[in-house]
A.B. asks: 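This structure is in structure tokens; I'll ask about it shortly.
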Amino acid sequence: MSGGQDILKLSESDVSKMLAAGVHLGAKNCDFQMNQYVFKKKTDGTNIINLKNTWEKLLLAARVIVGIENPADVSVITGKSYAQRAVLKFSHFTGSNSVAGRFTPGAFTN
């Protein structure tokens, strides 16, 4: 997925940052569609997410976002309090629209 470019390959630094952030820790319940991303299951039932698959999906999302000509057409939305800072920072640096907090259903369609 990295397209053969060394800069996009998963490095040890990237893995250590994702581990420090807890990206690899999943929920205890696992849907059948999520099984392909689970690396292992801990003894307490917590799923460990495969970081290589996570990295590939991040690259895919980045390529989709880069493909959009006008950054203002991208909307980043969160309702979770712990994700609001990340959404606001992402929107600030990319020029996209952000909604941090309550999102009114139907805001795009009505």
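The residues of the chain are indexed from 1 along the displayed sequence.
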A.B. asks: Mind listing the closest non-hydrogen atom pair of Lys41 and Lys28 along with its distance?
C.D. replies: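 It is NZ-O, 3.9 Å.
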A.B. asks: Should Val15 and Trp55 be counted in the same cluster of Ile, Leu, Val, Met, Phe, Trp and Tyr side chains packed under 4.5 Å apart?
C.D. replies: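 Linked within one cluster.
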A.B. asks: Check the pair Ser13, Lys17 against side-chain contact (heavy atoms from CB on, under 4.5 Å), reporting the backbone distance first and the verdict last.
C.D. replies: CA-CA 6 Å; Ser13 171; Lys17 288 176 186 174; 3.6 Å; yes
A.B. asks: Is Val99 linked to Leu88 within one hydrophobic cluster, defined over Ile, Leu, Val, Met, Phe, Trp and Tyr using a side-chain heavy-atom separation of less than 4.5 Å?
C.D. replies: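 No, no single cluster joins them.
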A.B. asks: Is there a path of hydrophobic side-chain contacts, each under 4.5 Å between heavy atoms of I, L, V, M, F, W or Y residues, that connects Leu19 with Leu10?
C.D. replies: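 Per the 4.5 Å side-chain linkage, Leu19 and Leu10 are co-clustered.
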A.B. asks: Determine the minimum heavy-atom distance between Arg63 and Leu8, stating which atoms define it.
C.D. replies: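 Taking every non-hydrogen atom into account, NH2-CD1, 3.8 Å.
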A.B. asks: On a heavy-atom basis, which atom in Gln36 and which in Asn53 lie closest, and how many Å separate them?
C.D. replies: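 Where Gln36 meets Asn53 most closely, the heavy atoms are O-ND2, 3.2 Å.
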A.B. asks: Taking all heavy atoms of Thr78 and all of Ala83, pick out the closest pair and write down the distance.
C.D. replies: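 Shortest heavy-atom contact: OG1-CB, 3.3 Å.
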A.B. asks: When hydrophobic residues are tied together by side-chain contacts of less than 4.5 Å, even through go-betweens, does Ile68 share a cluster with Val76?
C.D. replies: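 Yes, one cluster joins them.
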A.B. asks: Just wondering, do Asn97 and Val74 contact through their side chains at under 4.5 Å, heavy atoms?
C.D. replies: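 The answer is no, as the side chains (C-beta and beyond) never meet within the 4.5 Å cut-off.
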A.B. asks: Ring pair (Phe, Tyr, Trp, His ring centres under 6.0 Å) with Phe39: which residues, sequence neighbours excluded?
C.D. replies: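 Applying ring pair (Phe, Tyr, Trp, His ring centres under 6.0 Å) to Phe39 gives none.
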A.B. asks: Tell me the closest heavy-atom pair linking Lys9 and Asp14, and the distance in Å.
C.D. replies: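 Shortest heavy-atom contact: O-OD2, 3.8 Å.
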A.B. asks: Can you list the steps and then say if Leu25 with Ile48 is a side-chain contact (heavy atoms from CB on, under 4.5 Å)?
C.D. replies: CA-CA 5 Å; Leu25 298 175; Ile48 305 296; 4.0 Å; yes
A.B. asks: Donor-acceptor pair, Ser98 side chain versus Ala100 backbone, under 3.5 Å?
C.D. replies: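 No, Ser98 side chain to Ala100 backbone: no donor-acceptor pair under 3.5 Å.
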A.B. asks: May I ask you to check whether Ser96 and Thr94 show a side-chain donor-acceptor distance below 3.5 Å?
C.D. replies: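 On atom types as modelled, these side chains qualify, holding a pair under 3.5 Å.
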A.B. asks: Checking Val23 now: which residues fulfil side-chain contact (heavy atoms from CB on, under 4.5 Å) with it, not counting sequence neighbours?
C.D. replies: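 Here the qualifying residues are Met18, Ala21, Leu51, Thr54.
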A.B. asks: Walk me through whether His24 and Thr46 qualify under side-chain contact (heavy atoms from CB on, under 4.5 Å).
C.D. replies: CA-CA 10 Å; His24 65 293; Thr46 303; over 6 Å; no
